[in-house]
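Have a look at the structure below before the remarks.
In what follows, every chain begins at residue 1, and chains take the letters A, B, ... in the order their sequences are listed. Please read these numbers as outputs of a predicted model, since none were measured by experiment.
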Amino acid sequence: MVEVIEVRSVSKTYQQPKRFPGVLGALKSLVTPEYTEVKAVADVSFGIRKGEAVGYLGPNGAGKSTMIKMMTGILVPTSGSVSVLGCTPHERRMEIARRIGVVFGQRSQLWWDLPVADSFELHRRIYDIPAARYADNLRRFAELLELEPFLDRAVRQLSLGQRMRAEIVMALLHDPQILFLDEPTIGLDVVAKDAVRRFLAEVNRERGITIILTTHDLQDIETICPRLIMVDHARLVFDGELGRLRSALGSARRLTLEFTTDPGPLPLTTAVLTADDGLLKHYRIERDDVSLVDVLTEVGPGREIKDIALEEPNIEEVIRTFYQRRNTAVPA
Amino acid sequence: MSAYLAFAQSGFLTQLAYRNEVWANLFGKLVQVFARVAIWTAIYGGAGVIGGVSLEEMVTYALLGGAVTGAARYETVVGGIGHALRTGDVAVWLLKPVHFPLYVIASEVGRALYRFTFLVVPTVIFVALFYGMLPPASFFHGAMFVAYWVLALAIFFLIAALFGLVAFWLLTSFSLEWLMQALLNLLAGQLIPFWFFPEPLGAIARQLPFAWIVYYPSAVWLGRLSPEECLAQFGIGLGWAAALAFGVWLLWRRASGRVVVQGG
């Protein structure tokens, strides 16, 4: 497999002018400006192979957008090297621009006053997309994301969900090899989020387009990205499969048993009782090798169970545990 | 190139979408032009010729003066470029294989062509019916006027783009818009033609690029320049346009470079 993106010990430091209070302070910063250095990305390295879908995850201010900007060539790293499709992005920006697609959740690339279809047409002219290829792509993508009902409507009249679907389609019209998405599902409702996620997963699978997306929403990662890169305080803290993260942390499953008659307190060896509401008992299964059958066997016959609910650890919990452990392990 | 034509076309068509504005704008334009003509009529006050310029010539000058400045808006160019640089929206444009200032200019050219067709030409015809307007001094002068008009539009937008780029360093485009309006009023000859300027102000104003926006096109129409002078001044105007284009290119490179290095 070919590496389409190579990031080698990249750091990005912003110079922020120091502000001093008062008129004299303002004068001082005008005459002898002082700067504080803010590290947005510190010594991050990773490689992404063709056709991968990678989630880039981290809390606010962890340097996610900065990394996307460096990979797309609109920011220059302070040190280290970035290589995208064999080029250094900021040196060959125009060339790279034709081979990648970028979607910003917070910044629209559509033309506000124009109907969606006209924005697409302008995009076709900017990227010189061959007519047949353009028509074919537009038809397929518009169908998958159900754009037809609002293709003729001006962008300013669209709902956020419609607009985001249009943004994503536009970013794909010129057949980019890599698609970067910076928080593509931010502010969307559940239905729109789901449509976007299924579409991205399909584009990645069917067309082999490499996808890198930053997000706050862990569900995005769960449906689209088998691989996860986590950053915190500018540093890379995890790079690997979601499953690996989960098993490394061994997050517990949650089991709820509902009895027809109250069996009284019921401590088990296979699961820990976390809450007891009489008929309803909540357990935590901490070991991976314990199955539901093991637990039910231990509960034993003679107690009539009305309902059982077993919840897999959700990704939010996994990641929260991860960040918590990190913060306690590494002294600030 | 196809992309920039598309931007101009789309600028033209977007204006078409706001058809209702046409009547309000047309009325506003008419009042403006009538006022300008009325002022000159009052100044002449029955005198046929002042300083070698007849009232008819002056009215024609006042009508032609709006041919570019009445159609083209510098605010969108100055504000558009300045705003995109300051808010960081420019990042979106850095991701496209497009030259951003050229994009802003192209779409504004589209809008200017729309206003020229639907606002300026009707206004000029209407006012001309009332006050009379001189035809071009000769066929040559008429043809040269068209060439000068295109050059005027180019210089106008290049200056606006330059102002917009300067806004990136000054962090405000508002004051620059005021400055641009003041310079246009005075140095383009929009309010008063240079032949009424005291010397050496008149001589200086004739050399600055603003002169090609209003003064030279109108002077050419009126035949106040000999054919040789017409061609020579056109050449100098082209030189100014090239210098301004270079300035825009250079400032854009520095401004966008700074965004890229520092993160806006």
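Both the backbone and the side chain of B/Leu5 come within contact range of chain A, with heavy atoms under 4.5 Å apart. Heavy-atom distances place both the backbone and the side chain of B/Phe7 under 4.5 Å from chain A.
Here the side chain of B/Lys96 pairs no donor or acceptor atom with the backbone of A/Ala97 at under 3.5 angstrom. Between the side chain of A/Ser45 and the backbone N or O of A/Ser9 there is at least one donor-acceptor pair closer than 3.5 Å.
Note on residues 71-82 of chain B: no pairs pass salt bridge (Lys or Arg N to Asp or Glu O under 4.0 Å), not counting sequence neighbours. The side chain to side chain donor-acceptor pair (under 3.5 Å) analysis of residues 83-93 of chain A, with sequence neighbours excluded, yields the pairs A/Arg92-A/Glu95. Counting only residues at least two apart or in different chains, side chain to side chain donor-acceptor pair (under 3.5 Å) contacts with residues 98-108 of chain A comprise A/Arg99-A/Gln177, A/Arg107-B/Asp89, A/Ser108-A/Glu167.
Residues B/Tyr148 and B/Phe234 bring their aromatic ring centres within 6.0 Å.
At a heavy-atom separation below 4.5 angstrom, chain B is approached by A/Leu122, A/Arg125, A/Ile126, A/Tyr127 within residues 119-130 of chain A.
Salt bridge A/Glu37/A/Lys39: absent, no basic N to carboxylate O contact under 4.0 Å.
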